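Shown next, in structure tokens, is the structure this report addresses.
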Protein chains: 2
Amino acid sequence: MRAKQTSFDIAYRAGVSQSTVSRALRNSPLVNEETRRRVQEIAKELNYKVDRNASSLRTQLSGTIALLLFEDPTNDDSLINPFFLSMLGSITRASAKKGYDLLVSFQQMSNDWHADFEDTRKADGIILLGYGDYTDYEEKLVQLIKQETHFVRWGADVKGLSVVSVGCDNFDGGYQVTEHVIKNNRQHFAFLGGVSTGSPEFLDRYTGHCQALKDNNLKVDSNLQIDAISTDESGYQAAKQLIAKGIKFDAICTASDLIAIGAMRAIQEAGYNVPGDVAIAGFDDIATACSTSPALTTAKQDTVLAGEILVDKLLQLVSGEEAHTQLMPATLVVRKSCGS
Amino acid sequence: MRAKQTSFDIAYRAGVSQSTVSRALRNSPLVNEETRRRVQEIAKELNYKVDRNASSLRTQLSGTIALLLFEDPTNDDSLINPFFLSMLGSITRASAKKGYDLLVSFQQMSNDWHADFEDTRKADGIILLGYGDYTDYEEKLVQLIKQETHFVRWGADVKGLSVVSVGCDNFDGGYQVTEHVIKNNRQHFAFLGGVSTGSPEFLDRYTGHCQALKDNNLKVDSNLQIDAISTDESGYQAAKQLIAKGIKFDAICTASDLIAIGAMRAIQEAGYNVPGDVAIAGFDDIATACSTSPALTTAKQDTVLAGEILVDKLLQLVSGEEAHTQLMPATLVVRKSCGS
DNA sequence: AATTTACATGCATACGTATGCAGATTAGCC
DNA sequence: GGCTAATCTGCATACGTATGCATGTAAATT
């Protein structure tokens, strides 16, 4: 039972050649219906499985997608950002749906990831995932392109390079949320999230936020914008800084749910009521957002859809088709943290 | 640049044979220091990467671990249970640390997963992850053993089979949490979580819970135990059922944080104060547990540690060493939902 | 009946690497 | 200097599959 079965073993039992076995199992039309059935039956009986290494070596196709998850170097927490964890889940599902295996790998930006996966033939294509300014690794993207590696990435469009990016309309998301809060009669807005530094996503969200304020004749006070990375703790600290400034505010928009959650904690600890005294809005719609108290109003990024789109586009590239950058809508999810 | 480089190309440039290249790159002591250096230099220059398929075919080793994540069939939610998502993250990290790639795959219990991964040589070993009664798939475990597949699983020990399981001391976790709540002067305990049906984990937690009650001369009222699966919604429904019964209770222990979160919502909606009127405790310590209001007191399963242990044990098996089932401690995390 | 066509199978080989074995070169020894 | 030992390199082959090409057979066409 244990000595591994090969296609030759099947061939022997079926009284045909190895070629025929291979064809029969791949449902080649070249092989007779009757023969095919017999071969497949025997293969099943002997519990034969095609050796993927041999198969991949021969076909130069691995049936595998690699997912490279970049760690946020500013965050030494050993846990993964729940938004990306959710993306990971949906990408796993999406690739399974397409019959592809998923190879998951954490990477430091600084590593040699740009050369690895497809050149080793471990994967047919690569999905790049992670917050961060792509200028951090633009040269590596250039190299990927030069190598003709098939890849797609999550994030904002990369100008000047023919890279397929799938990202959320962060500007619009920021705009929508802010507008919603304005409608709840808030006038003095703070914004928590790294803008000058770091991810273009956060910047876009902030830009959308500011535009909504302007369109509603509200003032943008840059003193009320405080940098934060996407962690609970960073949001907490930023909110404390904000309070310490002593400037009046009745609403906080944030660049991510985690920031919002941390901020909410700080605000409540300081004795304010949410949303009574201060409205707080998030971004992402992570699972936790439903469970905060009050539940978090936020801009949802549809990770399930995003995962499917990323996988679809990548497989298009793999099969030689064209694929293009796509912007996904962000949708406002109204809960309790900003009033009705 | 694009035509893929092979070891023959390197050999040609270095003026040596392909064998020598292979040896040089694998740091074989057979090859001269000087030659090795030159070969490695050229390989780097040409951006050469070993073809993993060819390599694996030859060595019969893939350098890959497969993670099979079983879906809870009772939960058609397209999202993954946050506890397992967290395990996924830590396992990914742990295997990366050991130099292994991780192949992630969702599976239905009913599939042919038991034969797939190692026989196809895609992976050197398998990690099985998922709630559920192993009797659901005991026959498949038997087959895995018969095939001499290397695998470890998360969960309670499987009696009668030589299977390496790594699991949390659910009994003790349930005991600890309950004892803590008792110390906060509660007397009338309800328990939410599927006991008669489904996962042995839940049953163990419940058993620990009951033991703590008994040891403190408190009554176990089976009318106050209500089944629930590990989702927010299920916990919400169970809590509503509980309230509907009209039996007095001042504490709810649950089989998972998600259940607790749902229950908390139901209890608060019904106008009770947590923890004033009702103490609520969870199990798992998922990320969300810090962010509920009040923050959830719970029994923590250390997923980071669990991931490392699982990977370590698996690699021991792969390298022919013995490995044994291990029980991990659950640790009480006191927050606000049960009083001090 | 001779020829073409269609269909089914087998032969031989390539994918790129790793390694047992033999050979070559140099050093070491009496 | 002739021998063994030590060190390094190359040759040849195997891993298990997929597929181009040739072959063989039966049916269809003329």
Side-chain angles (χ1 to χ4, degrees), chain A residues 2-40 42-43 46-64 115-124, chain B residues 2-40 42-43 46-64 115-124:
Chain A
R2 179 80 286 243
K4 205 194 150 201
Q5 305 287 346
T6 73
S7 49
F8 284 98
D9 298 317
I10 312 298
Y12 177 76
R13 305 253 180 154
V16 296
S17 72
Q18 181 268 332
S19 326
T20 302
V21 171
S22 175
R23 292 200 183 94
L25 295 178
R26 314 193 101 227
N27 288 317
S28 158
L30 279 179
V31 59
N32 181 287
E33 186 94 11
E34 155 69 21
T35 314
R36 182 210 320 289
R37 228 194 314 268
R38 193 159 37 101
V39 168
Q40 291 188 340
I42 294 176
L46 295 190
N47 199 14
Y48 166 80
K49 301 283 165 185
V50 173
D51 184 310
R52 284 286 288 270
N53 294 314
S55 178
S56 297
L57 175 59
R58 175 63 226 244
T59 59
Q60 306 288 44
L61 288 175
S62 64
T64 301
D116 250 31
F117 281 82
E118 205 180 291
D119 272 8
T120 62
R121 300 247 185 251
K122 279 189 287 193
D124 299 331
Chain B
R2 181 78 288 241
K4 203 196 150 199
Q5 304 288 346
T6 72
S7 49
F8 285 98
D9 297 319
I10 311 298
Y12 178 77
R13 306 254 180 154
V16 297
S17 73
Q18 182 267 333
S19 327
T20 302
V21 171
S22 175
R23 291 200 184 91
L25 295 177
R26 314 193 99 226
N27 289 317
S28 157
L30 280 178
V31 59
N32 182 287
E33 187 94 11
E34 157 69 21
T35 314
R36 182 211 320 290
R37 229 195 314 271
R38 193 158 37 103
V39 168
Q40 291 188 341
I42 293 175
L46 295 190
N47 200 13
Y48 166 80
K49 301 283 165 185
V50 172
D51 183 311
R52 285 288 287 271
N53 294 315
S55 178
S56 297
L57 176 59
R58 177 63 226 244
T59 59
Q60 307 288 46
L61 288 175
S62 65
T64 301
D116 250 32
F117 281 82
E118 205 180 292
D119 272 8
T120 62
R121 301 247 184 249
K122 279 190 288 193
D124 299 332

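Remember, predicted model here, so these are calculated numbers, not experimental data. Here is how names work: the chains are called A, B, and so on, in the same order as the sequence lines, proteins then strands, and each is numbered from 1.
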*asked:* Set out, in order, the CA-CA distance, both residues' side-chain angles and the distance that settles side chain to side chain contact (heavy atoms under 4.5 Å, CB included) for B/T6 and B/D51, then state yes or no.
replied: CA-CA 8 Å; B/T6 72; B/D51 183 311; over 6 Å; no
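- Using a 4.5 Å cut-off on side-chain heavy atoms (C-beta onward), B/N47 and B/Q5 make no contact.
- The separation between B/R121 atom CZ and C/dC15 atom P is 23 Å, rounded to whole Å.
- In the set D/dG10, D/dT9, C/dG16, C/dG16 carries the atom at the smallest distance from any side-chain atom of B/D51.
- For B/S17 and D/dG10, the shortest distance from a side-chain N or O to OP1 or OP2 is below 4.0 Å.
- Counting only heavy atoms from C-beta outward, the side chains of A/Q60 and B/K4 never approach each other to under 4.5 Å.
- The interatomic distance linking B/Y12 (OH) with D/dG10 (C1') rounds to 18 Å, in whole Å.
- Distance from the side chain of A/T35 is smallest for C/dT9 among the nucleotides C/dT9, C/dT17, C/dG16.
- Between the CG atom of A/L25 and the P atom of D/dA18 there is a distance of 8 Å, rounded to whole Å.
- Annotation: side-chain hydrogen bond (donor to acceptor under 3.5 Å, both in side chains) contacts involving residues 12-23 of chain A, sequence neighbours excluded, comprise A/S7-A/Q18, A/S17-A/T20.
- Using a 4.0 Å heavy-atom cutoff across all strands shown, A/V21 reaches no nucleic acid atom at all.
- Put simply, B/S56 has no side-chain N or O that comes within less than 4.0 Å of OP1 or OP2 on D/dC15.
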Give every pair of a protein N or O atom and an N or O atom of nucleotides 19-22 of chain D that lie under 3.5 Å apart, one pair per line with the distance.
| from | atom 1 | to | atom 2 | distance (Å) |
| --- | --- | --- | --- | --- |
| D/dT19 | OP2 | A/R26 | NH1 | 3.3 |
| D/dT19 | O4' | A/R58 | NH2 | 3.3 |
| D/dT19 | O4 | A/S19 | OG | 3.2 |
| D/dG20 | O6 | A/R23 | NH2 | 2.7 |

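- Between the CG atom of B/N53 and the P atom of D/dA14 there is a distance of 21 Å, given to the nearest Å.
- Here OG1 of B/T59 is found 9.5 Å from CZ of B/R121. Values are rounded to the nearest 0.5 Å.
- Using a 4.0 Å cut-off, some side-chain N or O of B/S55 falls inside it from OP1 or OP2 of C/dA18.
- One can place CD1 of B/I10 at 13 Å from P of C/dA18, the figure rounded to the nearest angstrom.
- Checking the phosphate oxygens (OP1, OP2) of C/dG16, a side-chain nitrogen or oxygen of A/Q60 falls inside 4.0 Å.
- Side-chain contact between A/R52 and A/T64 is present, with heavy atoms from C-beta onward closer than 4.5 Å.
- A/K4 places its NZ atom 17 Å from the P atom of D/dA14, with the value rounded to the nearest Å.
- Atom-to-atom, CG of A/L57 to C1' of C/dA18 comes out at 13 Å; the value is rounded to the nearest Å.
- Checking side-chain atoms of B/R38 against main-chain N and O of B/A14 turns up a donor-acceptor pair under 3.5 Å.
- A/R38 places its CZ atom 12 Å from the C1' atom of C/dA8, with the value rounded to the nearest Å.
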